[in-house]
Student: 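Got a structure here, written out as structure tokens. Questions coming.
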Amino acid sequence: MSSRIAVLECTHYDKDEIKRIILKGFEFIGEPEVKDKSVLLKPNLLMPAEPHYAVTTHPTVVEAVGEILVEFGAKEILVGDSPGNALSNIDNLYRRTGMLSLAEKKGFKLVNFSKEGIVEVENPNGVVPTIPLTRIVKTVDYIVNLPKLKTHNFTLITCAIKNTFGTIPGFNKSKFHSIAPSPKEFSKLLVEIFRAVRPSLNIVDAIEGMEGDGPSGGTPRRFNRILMSYDGVAIDTVGGWMLGYKPYEIYTTKIAGDMGLGVSSLEDIEIFGDKLDKLFGADVKRVSTVYNVLEKISSPILSFLSRRLVKLIRIYPEIDDSKCIKCEICLRSCPKGAITRTNSKMTIDYKKCISCYCCHELCPQRAIKIRKNKLAEMLWLARD
Ligand code: SF4
Ligand code: SF4
């Protein structure tokens, strides 16, 4: 099996330029068959944040893709996502991320995933028996996945596979962190969600992504690229490479490849645009976590030791009181109820904390830092 990806240079969020580039990409991967179809565009709208924070898919990319699909004959364009904070005001999310003004301007329909109802999709041999997806993903004819290329503290990267997590509305997202607390288990669950959604097409906003402690607390980083493919696993293989990771280092990419959901070996991906060696993100700042380092220890004895070592490693969230505005988003998003508000101060109970970093991901003030104990620091320094 092989897959095609277009990796196209794009340096500005200019709609006409992005359209020209995407049409060029379709010459290589083939035009999407959307005539008379209802199409859902699924950007990454993790939290209410303006486009310049580089946390969410830029509205100009969403606009360009939507316009092209209308020109290809799409019957209607819907746009939607479910943010990480289940109690987030969806109108505020769509307003701040630029989706509201885009929808008003272009006649696209904004969808509230939580109000569409849930459809339980069978999940054979999965971490959970069924996956509760927003019903809209099963009523539209065509789904276009529009991720943002970013580092991610828990899964190392977020791109095509991780972006489908947003099709789980409401509190089920944090429940899944409890059910699958380790990065490996959680990554398997993410791949199963991706399998249940199976986007038809993936177009990545990698013009400006994020490095460091993403997906929200890192630093915006210019990659100046748009990635396009019908194979979301191949997209993540190349996206991870651009963030400085080999495909086998990313659980979601490896698991999805092993499950036959797409191509996860670079040799089997045909790239239009750049050469692979030019794309490798050797200087991209990695996330602070180190769990994947232990996976490199392969012999049974070392593997046994590494399991013991895991218990001694501490990579934990810490709240900076000087930045915290007591909005309680972290408290409401914590899957283990580990955060409380006492005496006008937010406190983390580390006995309950499973280090899922949801609080870090969703804090609007960037008031939560990821800290490491000495052992974690040593492993982090030795991670390559
Ligand atoms: S740490 Fe962040 S999310 Fe939690 S209450 Fe403070 S500002 Fe809000
Ligand atoms: S305190 Fe933060 S990292 Fe710990 S379980 Fe809660 S959300 Fe996850």
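Remember, it's 1-based here, ligands and their atoms both numbered in the order they're listed.
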Student: Assess the pair F176 and F171: is the distance between their ring centroids shorter than 6.0 Å?
Tutor: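 Between F176 and F171, the centre distance exceeds or equals 6.0 Å.
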Student: Heavy-atom count around K24 NZ within 6.0 Å, excluding the residue itself: above 12?
Tutor: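 Not buried by this count: 12 neighbours or fewer within 6.0 Å.
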Student: I need the full list of side chain to side chain donor-acceptor pair (under 3.5 Å) pairs touching residues 201-219, with sequence neighbours left out, sorted by first then second residue.
Tutor: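 Output for this query lists Y13-D205, N145-N202, K148-D205, N153-D213, E211-R221, D213-S288.
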Student: Applying a heavy-atom cut-off of 4.0 Å, say which part of E328 lies close to ligand 1: side chain, backbone, both or neither.
Tutor: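 Backbone only.
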Student: Sequence neighbours left out, what passes salt bridge (Lys or Arg N to Asp or Glu O under 4.0 Å) with R366? Give chain and number order.
Tutor: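 Scan of R366 (salt bridge (Lys or Arg N to Asp or Glu O under 4.0 Å), adjacent residues dropped) gives none.
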Student: I'd like to check which ligand 1 atoms, numbered from 1 as shown, lie under 4.0 Å from a non-hydrogen atom of I325.
Tutor: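 Result: 6 (Fe), 7 (S).
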Student: Show which atoms of ligand 1 fall inside a sub-4.0 Å distance from at least one heavy-atom site of M346.
Tutor: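 In order of numbering, the contacting atoms are 5 (S).
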Student: With rounding to the nearest 0.5 Å, note down the distance linking CD1 in I255 to CZ in R195.
Tutor: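 It comes to 11.5 Å.
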Student: Scan for side chain to side chain donor-acceptor pair (under 3.5 Å) pairs involving residues 323-334, sequence neighbours excluded, and state none if there are none.
Tutor: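 Output for this query lists E328-R341.
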Student: Report yes if the distance between the aromatic ring centroids of H177 and F154 is under 6.0 Å, otherwise no.
Tutor: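 Yes - the distance between ring centres of H177 and F154 falls below the 6.0 Å cut-off.
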Student: Under 4.0 Å from a heavy atom of K326: which atoms of ligand 1 are those, numbered in the order shown and with their elements?
Tutor: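 Matching atoms, with element in brackets: 5 (S), 6 (Fe).
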Student: Taking atom 2 (Fe) of ligand 2 as the centre, count the protein N/O/S atoms lying under 2.8 Å from it.
Tutor: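 Considering protein N, O and S only, atom 2 (Fe) of ligand 2 has 1 within range.
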